[in-house]
There are 2 protein chains.
Amino acid sequence: MTTPSRVTIKDVAARAGVSKGAVSLAFNRKPGVSDATRDRIFEAARQLGWEPNPTARSLAGRRVDAVGLAICRPARLLGLEPFYMEFVSGVESVLTEHACSLLLRLVRTVEEEVGLQDSWWRGKHVSGSILVDFRADDPRAAAVRRLGIPVVAVGHPSLTGGLTSVWTDDASAVTEAVRYLAALGHVRIARVGGTAALGHTAIRTAAFDAAARALGLTGASQVATDFSGDVGARATRSLLAAPAADRPTAIVYDNDIMAVAGLSVAAEMGLSVPGDVSLLAWDDSQLCRLTHPTLSAMSHDVHGFGAEVARTLFGVITGDGGAGSHAVPTPVLTPRGSTAPPR
Amino acid sequence: MTTPSRVTIKDVAARAGVSKGAVSLAFNRKPGVSDATRDRIFEAARQLGWEPNPTARSLAGRRVDAVGLAICRPARLLGLEPFYMEFVSGVESVLTEHACSLLLRLVRTVEEEVGLQDSWWRGKHVSGSILVDFRADDPRAAAVRRLGIPVVAVGHPSLTGGLTSVWTDDASAVTEAVRYLAALGHVRIARVGGTAALGHTAIRTAAFDAAARALGLTGASQVATDFSGDVGARATRSLLAAPAADRPTAIVYDNDIMAVAGLSVAAEMGLSVPGDVSLLAWDDSQLCRLTHPTLSAMSHDVHGFGAEVARTLFGVITGDGGAGSHAVPTPVLTPRGSTAPPR
DNA sequence: AATAAGGACTTTACCGGTTTAGTAACGGCT
DNA sequence: AGCCGTTACTAAACCGGTAAAGTCCTTATT
């Protein structure tokens, strides 16, 4: 455990025969150092293998090289939600270009998240944060505004309290999903939704209602879940257990996992997909192409979504551009093998 | 964007009528402050809503409240790999108890990771790191030892160069998988493996070979993939396209995703599972219970694995205990609907 | 020739804590 | 009374940088 003789700016300065200040100027590409000296400094730094200590740098008031993301969902559930990992990997792909890391933390409540963001920011651990999973009356918008933290909120502008936001048009997507199924001839359409407390779930629920009413679909129904495959399976089972005359002939799911679960419930109950019941997934991770039949889905580029969020955050942090709300492309219906006209 | 008047240790000291030093002592529960004063200090801090600035703290030489994890796999692939997100969520669950965050970064090469770990450590951004995905002649063990970074390596002791490690006994698990299939009567068993460059893939490959030879299975064969569903599907397709007499009657996959993909390939080729071909998945995420038929799998508690890794890391960081190598329970065969005797 | 204007650095003052050395006050002991 | 050992604090140095305010020297301007 021999501490490898930490080399600091002072060593570099000594070796290059200049002051600390000169080294700092050189390394931050600021004017005030001649080319010759700059070269000498860089050479000295290279020889000693020095690079500025980020902690000291951020204490002294510079930007930090990490952004925060707190996720408020049960740890065990997250593990299987393809959305998040794909979202995170999209975020990472942009951060990496900026030599920036992601500070990730699971929290239990939004209140806990507020405290965390506060301490991350005041402790200069992050130069900005990504806020996800907005719910009704979310305290985070007010909190981060009060603290002055640069953030980008993931969610519809109506939920994110005026913060710079990036969002997908869930309402339009739900409407398209319902219209598509109705166009195939389905009348009894069900929706297996996500966690009721989440704002975007509420938006989808309202949109589903509106679309069903507009199309005069009498047998439309919705249930809420927690996004897990188990609960999704249970919901599907109870929907499909109804007498054939009442049973939905099409089900829309709020994520892929539940759709996969629904597929196997149908199989287990001896119902054919899409013959007896059509299934429509959401997010369209790779999973949808790996089942049999393949799953029709509302498809969007989650990786790209994450990347866009990260790009927007950099805009907010540097102060140039980025304010306002940015819609990313609306999920588009991708018909595959799990949807067809009802029998 | 009104900066909310950062409150520092000086303010607390002033308010409590003591010096900065006293506040520091009080907050670090060190002797040298009377109970009465300590209470006054805490009260002052509470009123001002102060808590020590971690950056300043770590500059001044204290421990940091984050641990690092760099993952070296293509971003798009990670998105769907249930293993990682579940592993990470297990790690998080323990970190959270210690009010510690995870610094996550995707890297392209191990060399890049070495540089990153170096800069994280020297910059006091992390108090330790988790190292995953060891490959042959991995440079990381030597590097972190040279730098004196507290780490826990995830992988078999033969791969992790003497670092404190946590590992699952892949060899035994593979052997059990092969024995199980052989016991069912299978002779032509194939394995769709992961990325060949990874150490644990090599271990499984060797173990598969050994087990097949030991059992005198003449038709055993293996292919390498990149862990993605697409490539897994392609591998399955080419295995099953062989004439019936050569075609494997059982396939072991190195993760869940590829097994799910394999299941749908079988269906698409008109082969019944487990009638014509048995499939065995690996990791056993929730996914395996969501397919039809459900997937038999080598099952282990990935979440708990991550948690154990985090606990071990804390042991290494604090210096008490933790050295050596810790095996977590070997994946255990969980038969479900996708395996049966060959026809 | 006197003066202003830059350029190239150096000095010095922080950033917000921790930590060490130093001091004053108090109690116990001989 | 004198000496020692604690205890409770304070003052100041330090961590490794950044940034504002000098200093000195050269060159252009009037």
Side-chain angles (χ1 to χ4, degrees), chain A residues 3-42 44-45 48-65 118-127, chain B residues 3-42 44-45 48-66 118-125 127:
Chain A
T3 305
S5 59
R6 295 182 165 284
V7 26
T8 78
I9 196 173
K10 213 186 301 181
D11 305 316
V12 177
R15 164 147 242 191
V18 295
S19 69
K20 295 199 312 175
V23 177
S24 177
L25 291 183
F27 258 77
N28 292 296
R29 343 197 147 276
K30 291 194 178 169
V33 219
S34 68
D35 290 354
T37 310
R38 185 190 306 274
D39 288 350
R40 261 205 349 274
I41 293 175
F42 277 125
L48 291 138
W50 177 81
E51 54 183 293
N53 177 328
T55 304
R57 215 176 214 187
S58 71
L59 216 211
R62 288 261 322 210
R63 184 158 297 119
V64 193
D65 55 355
D118 181 8
S119 109
W120 273 353
W121 175 245
R122 297 209 314 205
K124 289 197 181 148
H125 266 187
V126 299
S127 49
Chain B
T3 306
S5 60
R6 295 180 165 285
V7 26
T8 78
I9 196 174
K10 213 185 302 180
D11 305 317
V12 177
R15 164 148 240 190
V18 295
S19 69
K20 297 199 309 175
V23 177
S24 177
L25 291 183
F27 258 76
N28 293 296
R29 345 197 146 277
K30 292 196 177 168
V33 214
S34 67
D35 289 354
T37 311
R38 186 189 305 274
D39 288 351
R40 261 202 352 275
I41 292 175
F42 276 127
L48 286 104
W50 177 80
E51 55 182 294
N53 177 328
T55 305
R57 214 176 214 187
S58 71
L59 215 211
R62 289 263 321 210
R63 186 157 295 120
V64 194
D65 55 353
D118 181 8
S119 111
W120 274 352
W121 173 245
R122 298 208 316 204
K124 288 198 181 148
H125 266 190
S127 50

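Chain naming here is simple, since letters A, B, ... match the order of the sequence lines and numbering starts at 1 in each. The figures that follow rest on heavy atoms only: side chains count, while hydrogens, waters and symmetry mates do not.
Checking C:dC9, D:dT18, D:dT10 against the side-chain heavy atoms of B:Ala22 singles out D:dT10 as nearest. Side chain of B:Ser24, nearest nucleotide from C:dT18, C:dA8, D:dC9: C:dT18.
Side-chain N/O atoms of B:Ser19 include none lying less than 4.0 angstrom from OP1 or OP2 on D:dC9. Contact annotation: B:Lys30 reaches the phosphate of C:dT19 (side-chain N/O to OP1 or OP2, under 4.0 Å). Distances shorter than 4.0 Å separate none of the side-chain N or O atoms of B:Thr37 from OP1 or OP2 on D:dA8. The side chain of B:Trp50 places an N or O atom within less than 4.0 Å of a non-bridging phosphate oxygen (OP1 or OP2) of C:dG17. Distances shorter than 4.0 Å separate none of the side-chain N or O atoms of B:Asn53 from OP1 or OP2 on C:dC15. Distances shorter than 4.0 Å separate none of the side-chain N or O atoms of B:Thr8 from OP1 or OP2 on C:dG16.
Per the geometry, CZ belonging to B:Arg40 stands 13 Å off P belonging to D:dA8, to the nearest Å. Spacing between atom CG of B:Leu59 and atom C1' of C:dT19 amounts to 14 Å, rounded to whole angstrom units.
At distances below 3.5 Å, not a single donor-acceptor pair connects side-chain atoms of A:Asp39 with backbone N or O atoms of A:Ala36. For A:Asn53 (side chain) and A:Thr55 (main-chain N/O), a donor-acceptor pair under 3.5 Å exists by modelled atom type.
Applying the side chain to side chain contact (heavy atoms under 4.5 Å, CB included) test between A:Thr37 and each of A:Val23, A:Leu25, A:Val18 identifies A:Val18 as the sole match.
Both B:Lys20 and B:Gly17 lie near DNA chain D, and the one whose nearest nucleotide falls closer to the 5' end is B:Gly17.
Using the six-membered ring where Trp is involved, B:Trp50 and B:Phe27 have ring planes that are perpendicular, over 60° apart on the 30 and 60° scheme.
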